[in-house]
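Before any comments, here is the structure.
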Amino acid sequence: VENQFTKMADDGLGDAQEQLEQDRSAAEQALKQPALQALPLRKYLDETVVPVLLEGLAILGKERPPNPIEWLAAYLLQNKNRGQGPAV
């Protein structure tokens, strides 16, 4: 019984730590947004869109789906959160 309580407490702590990390990441992202807006266009695109776009284009080239525009659009939407700041 004690092990069950310990495990439940550990699981709860892990969940709380994970939520804290997510909240911290979201707060850091919010602080970066104004800085992103002030970047020159090329730098802004290089830090937000280009990494995800290039990865999508590489996969698109390998898979060659019959509907490449729709496929790429879906890929970008699925990965949209990866392109919201530096070090994407």
Discussion item. Restricting to side-chain contact (heavy atoms from CB on, under 4.5 Å), what partner residues turn up for Leu45, sequence neighbours left out?
Written reply: Leu41, Val49, Val50
Practice prompt. Tell me, with the steps shown, if Ile59 and Tyr75 meet side-chain contact (heavy atoms from CB on, under 4.5 Å).
Written response: CA-CA 10 Å; Ile59 296 169; Tyr75 179 87; 3.9 Å; yes
Discussion item. Taking side-chain hydrogen bond (donor to acceptor under 3.5 Å, both in side chains) as the definition, give me every residue that meets it alongside Gln78, ordered by chain and number, with sequence neighbours left out.
Written reply: none
Discussion item. Assess the residue pair Asp15 and Gln19 against the criterion (side-chain hydrogen bond (donor to acceptor under 3.5 Å, both in side chains)); give the C-alpha distance rounded to whole Å, side-chain angles, the decisive distance to 0.1 Å, and a yes or no.
Written reply: CA-CA 6 Å; Asp15 291 344; Gln19 184 62 46; over 6 Å; no
Worksheet item: Does the side chain of Pro40 reach to within under 4.5 Å of the side chain of Arg42, using non-hydrogen atoms?
Response: no
Worksheet, complete the sentence: When rounded to the nearest 0.5 Å, the distance separating CD of Gln17 from CZ of Arg24 is 10.0 Å
Worksheet item: Looking only at heavy atoms, what is the nearest atom pair of Leu76 and Leu53, with distance?
Response: CD2-CA, 4.1 Å
Item to complete: Return the set of residues passing side-chain contact (heavy atoms from CB on, under 4.5 Å) with Leu39 (not counting sequence neighbours), or none when no residue passes.
Response: Leu36, Lys43, Tyr44, Glu47
Item to complete: First locate atom CD of Glu55, then atom CG of Leu60, and finally report the distance between them rounded to the nearest 0.5 Å.
Response: 12.5 Å
Worksheet entry | Under 3.5 Å donor-acceptor, Arg82 side chain and Asn79 backbone | no
Worksheet item: Can you tell me if CD1 on Ile69 sees more than 12 non-hydrogen neighbours from other groups inside 6.0 Å?
Response: no
Discussion item. Taking Leu54 as the starting point, is it possible to reach Leu77 by hopping between hydrophobic residues whose side chains are less than 4.5 Å apart?
Written reply: no
